[in-house]
Amino acid sequence: AQKITQTQPGMFVQEKEAVTLDCTYDTSDPSYGLFWYKQPSSGEMIFLIYQGSYDQQNATEGRYSLNFQKARKSANLVISASQLGDSAMYFCAMREGQEGGGADGLTFGKGTHLIIQP
Amino acid sequence: DAGVIQSPRHEVTEMGQEVTLRCKPISGHDYLFWYRQTMMRGLELLIYFNNNVPIDDSGMPEDRFSAKMPNASFSTLKIQPSEPRDSAVYFCASSAYRGLGNTIYFGEGSWLTVV
């Protein structure tokens with residue numbers, strides 16, 4: 001079974017609109033961390049935001065926020081006031097806790113290709 | 001501050017040739033990761049090191065792949081002999097410490113094409 005599922009292969013959004021990118025995850029470990037990365041067409045992987053499983057509040061970083069719904073095992077990325085420069089691939093990733101034998105690396109979803117239209 | 005530095009950025013090689021990818025992690029980072037990205041399989045963790053010691057190489061596809069980290073500031077990923085199915089983007093990444101919230105920082109990737 002996939003540990004990280006991103007159900008939107010591609011999305012088109014009008015500039016200045018808010019965007020929600022979906023991510024669901026699968027783990028039996030009570031301790032885990034969730035990450036979002038951006039990969040523009042130039043190819044580099046850019047860290048955006050992190051949410052820990054025990055964090056009480058949703059993480060925010062500037063225009064990025066993470067809508068964390070633990071019971072649903074979802075960690076959607078919300079981008080407010082989208083810009084043309086937001087066009088990129090977006091990856092959700094998870095690190096499981098050591099109690100469950102989790103490794104130090106991240107497991108990634110397949111990604112969502114976001115295109116912002118003017 | 002310098003990020004993770006990878007070389008070469010692009011390489012085209014013929015099937016059967018040896019390929020060596022190089023990586024310099026962020027100074028002070030104890031963990032180094034090698035990932036591979038393909039359209040079919042997405043991002044896969046190949047191997048990672050802690051304090052220059054390989055910890056988990058279960059993602060290395062086969063014996064043609066090998067990785068070394070002779071010191072804290074340098075790592076190599078070698079493919080010998082290379083095959084067309086090895087064509088991919090290979091990322092090196094590093095992180096500072098162990099822990100759930102520890103961010104992994106990626107290099108710009110090495111784009112490998114085997115013809």
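Reminder, nothing fancy here: chain letters follow the sequence lines and each chain counts from 1.
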* Let me know if A/Q39 has heavy atoms under 4.5 Å from chain B in its side chain, its backbone, both or neither. => side chain
* Asked: Taking every heavy-atom pair that is under 4.5 Å apart, which of A/G43, A/G109, A/G33 has the most such pairs with chain B?
  -> A/G43
* To do: Of all the heavy-atom pairs spanning B/P25 and B/S94, show the shortest one and how long it is.
  => CB-CB, 3.7 Å
* Asked: So which part of B/Q37 gets closer than 4.5 Å to some heavy atom of chain A, the side chain, the backbone, both or neither?
  -> side chain
* To do: Would you check, one step at a time, whether the test salt bridge (charged side-chain N to carboxylate O under 4.0 Å, His left out) holds for A/K3 with A/E96?
  => CA-CA 10 Å; A/K3 289 199 177 262; A/E96 294 174 283; 3.0 Å; yes
* Cut-off 3.5 Å, side chains only: do B/S58 and B/D56 have a donor facing an acceptor? -> yes
* Structure fact -> Comparing A/K110, A/Q51, A/M94 against chain B, the one with the most heavy-atom pairs below 4.5 Å turns out to be A/K110
* Main-chain N/O of A/I116 paired with A/E17 side-chain donor or acceptor, under 3.5 Å -> no
